[in-house]
Amino acid sequence: MNPLAPREDAVTPEPRSPGLAHRAGLGRGQLRYQRCAHCAAAVFPPRTLCPDCGEQKLSWERSTGDGTVYATTVVRGRDGAHNVVLVDLDDGFRMMSRVEGPAPEDVAIGDRVRFRTTADGDTAVFEPKEDAR
Ligand SMILES: [Zn+2]
């Protein structure tokens with residue numbers, strides 16, 4: 001038997017993937033993104049290195065959750081219609097999501113929105129930010 005071979009029963013903790021860390025944040029009602037230690041870019045979706053400069057040192061930050069609709073479209077399916085939006089977060093990153101509350105076609109570019117999670121805590125969605133209307 002090779003003494004240097006890894007033992008079958010040895011448990012090596014898997015490094016938590018960026019995607020898992022992001023979902024863990026959602027489970028606590030937090031929208032998290034990464035900040036590059038080298039160029040300070042806001043990084044989203046979660047990655048293992050900065051897409052701007054290649055730096056691997058990315059720290060997690062909690063987003064304010066406030067943003068502005070950059071683009072919106074209505075998707076019509078068998079179960080009805082819903083919107084798909086791109087939201088520019090005030091923290092400096094853009095994400096795809098949906099706005100819940102208003103009719104899908106009533107969501108407009110420039111609308112101020114606020115992040116929340118779905119009831120199951122699995123998905124980041126947005127709702128109109130009332131105080132901005
Ligand atoms: Zn960078």
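One-based numbering, in listed order, for ligands and for the atoms of each.
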| task | Return the set of residues passing salt bridge (charged side-chain N to carboxylate O under 4.0 Å, His left out) with R32 (not counting sequence neighbours), or none when no residue passes. | result | none
Show me the donor-acceptor pairs, under 3.5 Å and distance only, between side chains in residues 119-127 and residues at least two apart or in other chains.
from: D120; atom 1: OD1; to: T118; atom 2: OG1; distance (Å): 2.6
from: D120; atom 1: OD1; to: D122; atom 2: N; distance (Å): 2.9
from: E127; atom 1: OE1; to: R116; atom 2: NE; distance (Å): 2.9

| Is it true that F44 and Y33 have ring centroids separated by less than 6.0 Å? | no
| said: Rounded to the nearest 0.5 Å, what separates atom CD in E61 from atom CD in Q34? | reply: 10.0 Å
| Can R35 and S59 be counted as having a side-chain donor-acceptor contact under 3.5 angstrom? | no
| request: For the Zn ion (ligand 1), report each protein N, O or S atom nearer than 2.8 Å, sorted by chain and then by residue number. | output: C36 SG, C39 SG, C50 SG, C53 SG
| request: For P104, enumerate each residue passing the side chain to side chain contact (heavy atoms under 4.5 Å, CB included) test, keeping only those at least two apart in sequence or located in another chain. | output: V74, A81, N83
